[in-house]
Amino acid sequence: MTQDSSLFVVTIDGPSGAGKGTVAQRLASKLGFHLLDSGAVYRAAALHALENSADLSNEGAVLASVRAVQPRFLQDDGQIQVFIGDKDVTVELRSERTADAASRIAAMPSVREALLQLQREFAQPPGLVADGRDMGTVVFPQAQLKVFLTASASERARRRHKQLKEKGTDAKLEGLMREIEARDLRDSTRKSAPLAAAEDALVIDSTSVSIDLVTEKLLQEIADRRNIAVP
Ligand code: DC
């Protein structure tokens with residue numbers, strides 16, 4: 001895959017709950033870059049499959065459904081709204097049901113292949129911040145900055161618990177921890193594009209470092225690599 005050299009691509013991979021989404025949003029809005037939330041691409045494909053009652057254990061059936069879906073992503077100051085047809089599915093994409101289906105279809109090689117082109121189209125000037133699991137290893141292997149952002153499972157469960165509580169949902173911390181561990185295991189042991197840091201990735205553990213500090217560090221790193229002042 002070749003990539004336009006006037007484009008600056010930043011990839012942020014890592015397990016769910018490590019803060020990738022927040023860091024990616026902040027970087028994109030500070031830099032005026034496009035934003036790809038690749039998890040939302042998998043979630044939109046999964047939601048479409050669920051709505052069509054596709055059998056999620058049948059890769060051929062899921063692939064046919066994925067090929068038929070054309071989600072649209074509208075970006076506004078770091079926030080992304082997702083549409084399938086005319087329907088705004090932004091909120092529905094966040095449900096645990098959709099997340100679970102996304103994790104299942106993401107393990108299917110033909111589905112990953114079918115979603116590659118859609119993801120690569122986000123790479124437009126002046127640059128892109130892409131977050132996911134295989135952004136630096138598979139989708140944008142020529143990215144100028146690759147980051148692998150991680151945090152301990154207990155810290156990620158604690159953050160998710162706090163987030164849900166703020167939304168008025170009272171989930172049990174222990175249950176969240178088990179779900180996170182199960183999803184991590186599925187994402188990192190699948191045969192196709194398992195969750196892993198690219199060899200040339202900058203690995204950052206955010207367990208005891210604030211997201212503000214991680215964002216600042218990355219803005220500095222990007223400015224150094226672009227040879228410009230920090231925005
Ligand atoms: O980051 P997220 O929770 O929105 O991702 C939803 C699911 O999609 C998750 O199980 C991992 C999977 N995914 C993936 O396999 N590759 C990506 N680049 C992004 C997400």
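Counting starts at 1 for both ligands and their atoms, in listed order.
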*asked:* Nearest 0.5 Å, please: how far is CG in L36 from CD in Q119?
replied: 5.5 Å
*Just how far is it from atom CZ of R43 to atom OG1 of T98, taken to the nearest 0.5 Å?*
7.0 Å
*Over all atoms of both residues, closest heavy-atom pair of R190 and A107*: CD-CA, 3.8 Å
*Under a 4.0 Å N-O cut-off, is there an ion pair linking E166 with K162?*
yes
*Numbering the atoms of ligand 1 from 1, which are under 4.0 Å from a heavy atom of M135?*
18 (N)
_atom 8 (O) of ligand 1 - nearest protein heavy atom and its distance_ = Y42 CB, 3.6 Å
*Identify, for atom 4 (O) of ligand 1, the protein heavy atom at the shortest distance, and state residue, atom and that distance.*
R43 NE, 2.6 Å
*Distance to 0.1 Å, residue and atom name: give those for the protein heavy atom nearest to atom 20 (C) of ligand 1.*
G39 CA, 3.6 Å
*Taking the side chain as C-beta and beyond, is there a heavy-atom pair between R226 and L31 under 4.5 Å?*
yes
*Has ligand 1 got any nitrogen or oxygen that is less than 3.5 angstrom from a nitrogen or oxygen of R112?*
yes
*Under 4.0 Å from ligand 1, counting heavy atoms only, is it the side chain of V139, its backbone, both or neither?*
neither
_Where ligand 1 meets D187 - atom numbers and elements under 4.0 angstrom, heavy-atom basis_ = 9 (C), 10 (O), 11 (C)
*Side-chain heavy-atom pair L27, L218 within 4.5 angstrom cut-off*: yes
*Quick one: does K20 get an N or O within less than 3.5 Å of an N or O on ligand 1?*
no
*Would you call D13 and K146 a salt bridge, taking side-chain N to carboxylate O under 4.0 Å as the test?*
no
*Can you tell me which residue and heavy atom of the protein come closest to atom 7 (C) of ligand 1, and the distance to 0.1 Å?*
A102 CB, 3.8 Å
*Measure the distance from atom 19 (C) of ligand 1 to every protein heavy atom, then report the residue, atom name and distance (to 0.1 Å) of the closest one.*
S38 OG, 3.3 Å
*For atom 9 (C) of ligand 1, what's the nearest protein heavy atom and its distance?*
R133 NH2, 3.6 Å
*Would you call R190 a ligand 1 contact, heavy-atom distance under 4.0 Å?*
yes
*Could you give the distance from CZ (R112) to CG (D134), rounded to the nearest 0.5 Å?*
4.5 Å
_Give me the nearest non-hydrogen protein atom to atom 12 (C) of ligand 1 as residue plus atom name, then the distance to 0.1 Å._
A106 CB, 3.8 Å
*Taking the side chain as every heavy atom from C-beta outward, state whether M135 and I12 have any pair of such atoms under 4.5 Å apart.*
no
*List every atom of ligand 1 that sits less than 4.0 Å from any heavy atom of S103, numbering the atoms from 1 in the order shown and giving each element.*
10 (O)
